[in-house]
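For reference, the structure is listed below as structure tokens.
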Amino acid sequence: MIELKKFSYWYPGTEEPALQRISLDISEGEFVGIVGANGAGKSTLCYALSGFVPHFYNGESEGQLTFNGQDMAALDLGQLAGQVGLVFQNPFNQISGARFTVREEIAFGLENLGLPRSEMHARIDEALDLVNIQDLADRSPFSVSGGQQQRIAIASILAMQPRVLVLDEPTSQLDPDGTRDVFTALSKLVSTRKITVILAEHKLEWLATFCDRVIALGGGKLRAEGTPQEVLSSEQMLRLGIGRTQYSEAAARLLRTKKLPVTLEQAKKALK
Amino acid sequence: MNLRAEGVSFRYPSGVLALDGVSLDIPSGQLLAILGENGAGKTTLVKLFNGLLRPAQGSVHIGDWDTAQHSPAALASRVGFLFQNPDDQLFERTLAREVAYGPRNLGASEAEVAHRVSRALKLVGLQDMADAHPYDLPAPQRKLLALAATIAMDTPILVLDEPTIGQDELGCRAISRILTDLHAMGRTLMMISHDMDFCAEHAERLVVMLNGKIHLDGSPAEVLSQTKKLDEAEVAPPQLVRLAQALKMRATPLTVDEFVDEYKQWRKKKNK
């Protein structure tokens with residue numbers, strides 16, 4: 001669905017590429033996690049996968065970046081916006097500031113799609129429901145906590161019903177309950193609607209539990225990809241500054257296996 | 001310096017009773033973590049300690065000062081505060097000026113200010129960026145800058161709201177090192193955090209809040225072994241504790257080392 005072939009990208013006025021010769025193929029219905037230390041290129045890769053690079057951020061690129069076989073740069077931005085949604089790391093970059101209530105904020109994007117009113121309302125209710133913020137519908141988006149703003153930003157993209165959803169650290173300000181709500185909602189959308197979810201995240205245990213595939217970045221390069229267990233249990237994660245779950249760390253000291261556990265279930269099985 | 005809250009209640013103008021008869025005694029030099037789901041009253045409680053909020057009932061003492069009799073500006077010389085969102089506290093043109101702002105306002109001499117600035121920036125690893133603009137730093141580093149600005153105030157008490165949010169492995173390790181240093185210097189440290197793995201490993205004492213009341217209070221091992229009460233407060237134990245519980249080890253290991261020791265003993269007993 002989205003394909004990168006030896007794709008490199010330079011932000012305007014920079015000499016070091018933010019992404020370097022990345023080759024990657026993401027299929028429809030996949031739940032993909034992106035890990036990397038801060039500055040490894042996670043956000044830039046999110047922008048590339050959602051068309052913000054090159055459409056919004058200028059700069060130079062090399063190699064290929066295609067969406068459904070078409071060159072991403074040649075696609076019409078309006079059309080692309082109907083198919084791919086990006087949730088920014090900082091909800092402040094997302095919330096319009098032009099609307100007085102959360103309900104109106106979520107309607108903001110939908111108004112540009114020319115939908116009937118009843119359809120808009122249905123989509124807003126569903127989006128509020130998915131991230132569990134029905135009770136905020138009539139509040140101002142600016143009178144709520146950082147974690148709640150993060151949920152609003154996610155809801156406003158979910159309401160657009162994109163086929164591909166790219167999220168840049170969407171749970172950074174959420175408590176464990178909020179994180180669970182977001183991962184559960186995304187997982188439900190992947191299984192019931194076959195949408196594609198790509199998510200950059202530091203919370204390794206959650207990625208390991210929910211993702212089909214994990215991609216590890218370091219210094220703008222693709223360093224590893226595979227199942228969560230293959231990627232997240234490897235010692236390379238320590239060198240890349242990504243770290244490992246404590247399940248892996250404990251098991252590494254106790255077991256002689258290359259396939260260390262990365263989730264509670266796996267650790268229980270390996271150590272019982 | 002110690003802190004003492006006695007029978008403190010606080011109600012927001014919206015009518016929400018955020019604190020309901022809270023009493024808490026924090027001895028000088030303690031490293032304490034406050035846990036609880038969003039809305040449990042954690043942030044309200046710590047805002048009483050630096051005078052940003054005043055109790056409707058009860059009293060709050062910082063050392064020998066009753067906060068009711070001192071302005072927030074005076075209290076700032078005793079309690080340093082790291083906000084959850086660093087952008088709430090950054091407003092200067094360079095990193096060095098940002099860090100200098102606090103000590104200068106507390107009346108430190110220029111030589112003393114310069115000394116504190118270089119020491120604090122070094123402590124958080126930003127010494128080479130002293131002349132950069134704070135907003136040229138990525139968000140996780142802005143948090144470290146805000147931490148440096150808080151440290152430079154040289155207050156006997158520091159309150160840190162979600163210090164590890166958005167930090168990668170390296171950032172978490174830096175914060176861990178800084179906390180250990182400050183603790184060794186005898187500072188009283190209070191952190192609010194959802195990062196259970198981090199709290200279990202660093203705090204001497206855990207306080208769990210629920211609905212504006214103190215729900216659990218004790219050493220990490222005591223608090224984290226109370227599965228049912230933690231569940232009520234929607235606080236999930238750290239990974240290693242959950243793994244020990246899943247294996248029915250009857251132990252509350254807080255670090256990988258502790259887990260490894262406990263596990264070996266448990267295996268031995270099991271094999272007998």
Side-chain angles (χ1 to χ4, degrees), chain A residues 35-40 42-43 89-93 139 143-149 151 169 171-180 201-205 208 237-255 261-272, chain B residues 14 35-40 42-43 83-85 87-88 137-141 144 161-162 164-173 193-197 200-201 234-249 253-264 266-267 270:
Chain A
V35 294
N38 289 329
K42 296 191 300 298
S43 293
Q89 187 171 1
N90 185 345
F92 241 72
N93 292 342
R139 299 265 300 270
S143 73
V144 301
S145 73
Q148 287 168 330
Q149 280 188 346
R151 294 191 197 214
E169 295 188 36
T171 70
S172 62
Q173 304 197 37
L174 294 177
D175 62 6
D177 245 27
T179 305
R180 186 183 312 113
E201 188 51 87
H202 288 301
K203 295 177 181 168
L204 303 182
E205 187 180 6
M237 295 300 108
L238 305 177
R239 289 193 296 277
L240 290 172
I242 294 165
R244 295 194 291 198
T245 64
Q246 294 203 304
Y247 307 126
S248 304
E249 287 302 319
R253 300 261 302 271
L254 293 162
L255 302 173
V262 292
T263 64
L264 177 62
E265 278 310 308
Q266 290 165 5
K268 190 180 159 190
K269 217 168 140 189
L271 291 167
K272 76 174 183 211
Chain B
S14 64
L35 313 165
E37 60 179 333
N38 288 343
K42 308 183 298 288
T43 301
F83 286 86
Q84 181 174 348
N85 182 355
D87 301 347
D88 288 347
L137 301 179
Q141 286 192 314
L144 291 175
D161 195 351
E162 296 285 2
T164 61
I165 257 186
Q167 299 291 338
D168 59 7
E169 174 75 5
L170 284 176
C172 286
R173 257 188 269 154
S193 181
H194 292 301
D195 188 341
M196 282 302 296
D197 298 308
E201 197 164 340
E234 309 245 15
V235 171
Q239 292 178 12
L240 295 171
V241 175
R242 275 186 278 148
L243 179 55
Q245 285 167 353
L247 293 168
K248 303 195 167 62
M249 279 167 56
L254 304 176
T255 62
V256 172
D257 284 342
E258 281 180 33
F259 182 89
V260 169
D261 289 346
E262 293 279 0
Y263 180 80
K264 284 180 179 162
W266 173 74
R267 277 254 67 124
K270 215 180 156 195

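The chains referred to below are lettered A, B, ... by the order of the sequence lines, with proteins before strands, and numbering in each begins at 1.
Of the charged side-chain nitrogens involved, none lies within less than 4.0 Å of a carboxylate oxygen, so that B:Glu234 and A:Arg180 do not count as a salt-bridged pair.
Residues B:Leu243 and A:Ala267 come closest through the heavy atom pair CD1-CB, 3.6 Å. Shown here for A:Leu264 and B:Ala246, the closest heavy-atom pair between the two residues is CD1-CB, 4.2 Å.
Of the two parts of B:Glu37, the backbone and the side chain both hold a non-hydrogen atom closer than 4.5 Å to a non-hydrogen atom of chain A. Interface residue B:Asp257: backbone and side-chain heavy atoms are both found under 4.5 Å from chain A. For B:Gln84, the part lying under 4.5 angstrom from a heavy atom of chain A is the side chain only. No part of A:Ser43 comes within reach of chain B, as not one of its non-hydrogen atoms sits under 4.5 angstrom from that chain. Using a 4.5 Å cut-off between heavy atoms, B:Lys248 does not touch chain A at all.
Of the residues considered (B:Gln239, B:Lys270, B:Glu169, B:His194), B:Gln239 shows the highest number of contacts with chain A, using heavy-atom pairs under 4.5 Å. The candidate with the highest count of non-hydrogen atom pairs below 4.5 Å against chain B, out of A:His202, A:Glu265, A:Gln173, is A:His202.
Put simply, the side chain of B:Phe259 reaches to within 4.5 Å of the side chain of A:Leu271, judged on heavy atoms.
Here the CD atom belonging to A:Glu205 is positioned 7.5 Å from the CG atom belonging to B:Asp197, to the nearest 0.5 angstrom.
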